[in-house]
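Working notes, structure below.
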Amino acid sequence: MELKYRALEGMNDVLPEQSHLWQYVEARWRDHMHQYGYREIRTPILETAELFERTVGETSDIVSKEMYVFQRGEERYALKPEGTAPVVRAYLEHGLYSAGGVQKLYYITPFFRGERPQKGRYRQAHQFGAEIFGAAHPLADAELLAMVMGFFQSLGLPNDLLELRLNTIGCPMCRPAYREGVRNFGRENLERLCKNCQARLERNPLRILDCKECFQITADAPPIDRYLCEECRTHFESLQGLLKALDVAYVRDHRLVRGLDYYTRTTFEVVAEQGLGSQNALCGGGRYDGLVEELGGPPTPALGVGIGVERTLLILQALNMPLPEPPTMDAYVVAFGDAARPVALQIAQQLRATGVPTEFDLEGRSPKAQMRLANRSGARYAVLLGESELQQGTATVKDLQTHEQMTVSQVELTEWIRTRL
RNA sequence: GGGAUCGUAGCUCAGUCGGUUAGAGCGCCUGACUGUGGCUCAGGAGGUCGUGGGUUCGAGUCCCAUCGGUCCCCCCA
């Protein structure tokens with residue numbers, strides 16, 4: 001069929017047959033966040049483009065070629081391409097730091113990147129995010145990672161099907177030296193690197209480490225460990241000790257540098273070994289101790305994670321994890337004949353008001369058709385109303401599983417059904 | 001941005017070397033049952049074969065273009 005209007009490339013409708021699955025993982029996430037003491041924050045979809053240019057980085061792929069930017073009057077706006085920067089902006093704008101102590105915030109948000117879509121990658125995607133402000137101690141890193149792995153576990157995903165990859169990328173004190181080290185290594189091997197990496201060697205040398213094309217060559221690049229300053233080194237060692245104590249398995253990945261400029265020290269991601277195709281990262285995150293200050297706030301250590309909702313759903317389905325059935329009706333009110341329809345509607349309303357999910361035919365259909373719909377709705381009980389019931393002030397209740405029928409007075413009907421569900 | 005692949009009813013698909021009114025299953029609607037579902041049977045609705053152009057006496061089938069889906073590179077959630 002030729003359609004005049006269709007959803008934009010990479011933008012998906014979530015249809016009723018899938019939406020209950022979204023509700024399920026969202027509910028799990030909210031529960032999980034509550035367990036850990038996070039509170040929800042919701043920020044607008046639009047921000048000034050500059051917010052992301054400053055934080056994510058002008059040279060990052062996200063900003064330089066994937067961000068949706070448009071102009072209206074003098075202002076340049078961007079659809080949020082990630083979740084952290086807006087939360088930091090709100091954190092500062094409303095002075096949340098003045099409450100003192102650690103602030104733990106979570107969110108569920110769409111985000112937008114103009115990429116070519118493929119499995120697990122869309123132009124509008126959604127993420128579960130969690131951010132911790134004001135916690136410099138590695139305890140925070142450890143709790144965050146344990147929280148993330150615990151979330152996947154709570155969805156039934158065995159942790160041994162996932163791989164937590166962990167790295168540290170140092171801080172402004174020690175990273176420059178490391179960047180130079182990698183840059184020098186790159187220059188020494190310049191002609192062997194791919195064109196892409198040759199180009200970014202000057203602007204963002206660390207990115208050559210996670211280039212798949214240059215995987216072989218950069219295997220010999222210097223690891224960061226001997227460049228780390230004392231503070232970064234002890235932070236990372238302490239974190240690793242805590243993870244072991246918590247029995248959180250991880251793999252050290254020297255190449256994990258990530259594409260957002262604001263990260264410091266800890267970086268991590270969780271990849272699925274099967275079920276996701278080539279976009280196999282379920283989540284990514286890390287520490288961003290300099291970001292709050294970068295945006296004009298007080299020096300505030302912080303860290304966070306973004307979990308892909310679509311990818312989570314994909315892997316749950318691919319690995320046949322337990323998922324809820326779509327919700328069904330409990331009752332269906334059937335009217336035999338036009339005279340019964342208004343009464344049937346009233347009774348449906350009563351049932352709904354007492355918390356019984358109830359369906360009712362809105363087309364004035366035949367009894368037969370209504371019964372068919374009653375069956376399809378999944379309702380346990382069909383409430384039948386015809387002339388004789390109307391005269392006697394009763395309803396015939398049919399149990400659609402056992403096929404049993406009985407007469408119940410209209411006054412007692414809602415209570416009768418409620419007690420039997 | 002580069003590449004691969006696919007586009008026939010709501011869905012899953014068939015359609016033989018181009019040949020006449022384009023089919024099936026599922027789903028949907030109606031009836032068999034003047035007030036009763038799931039099974040069965042009968043009937044019905046629904047497609048300008050993604051779109052545009054070309055070749056041909058004739059195109060769903062061949063050619064070109066274009067749009068869209070899917071997947072991959074890139075990048076990342």
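Throughout, protein chains are lettered first and strands after them, A, B, ... in sequence-line order, and every chain is numbered starting at 1.
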What would the secondary structure line of RNA chain B be in dot-bracket form, counting Watson-Crick and G-U wobble pairs under 3.5 Å, with [ ] for pairs that cross earlier ones and | for pairs with another strand? (((((((..((((.....[...)))).(((((.......))))).....(((((..]....))))))))))))....
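Listed by residue number, the members of residues 110-127 of chain A with any heavy atom below 4.0 angstrom from RNA chain B are A:F111, A:R113, A:E115, A:R116, A:P117, A:Q118, A:K119, A:G120, A:R121, A:Y122, A:A125, A:Q127.
Ion pairing between a basic and an acidic side chain is recognised when a charged N comes within 4.0 Å of a carboxylate O; A:R123 and A:E9 show such pairing. Using a 4.0 Å cut-off between a side-chain N of Lys or Arg and a carboxylate O of Asp or Glu, A:E40 and A:K104 do not qualify as a salt bridge.
Aromatic pair A:Y262/A:Y288: centroids less than 6.0 angstrom apart.
Annotation: B:U20 and B:G54 have their P atoms spaced 23 Å apart (nearest Å). Taking atom C1' on both nucleotides, B:C41 is separated from B:G47 by 27 Å, rounded to a whole Å. For B:C62 and B:C76, the C1' atoms lie 42 Å apart once the distance is rounded to whole Å. The same atom, P, is picked in B:G69 and in B:U61; the two are 22 Å apart, to the nearest Å.
Ring planes of A:F128 and A:W29: parallel class, angle under 30° (limits at 30 and 60°).
Judged as a side-chain hydrogen bond (donor to acceptor under 3.5 Å, both in side chains), the pairs with a partner in residues 303-329 of chain A (not counting sequence neighbours) are, in order, A:Q18-A:Q317.
What separates CD of A:E9 from P of B:C67 is a distance of 11 Å, to the nearest Å.
One finds no side-chain N or O of A:R6 lying less than 4.0 angstrom from the OP1 or OP2 phosphate oxygen of B:G69. For A:R372, no side-chain nitrogen or oxygen approaches OP1 or OP2 of B:C28 to under 4.0 Å. Proximity of A:S388 to the phosphate of B:G35: no side-chain N or O atom is located under 4.0 Å from OP1 or OP2.
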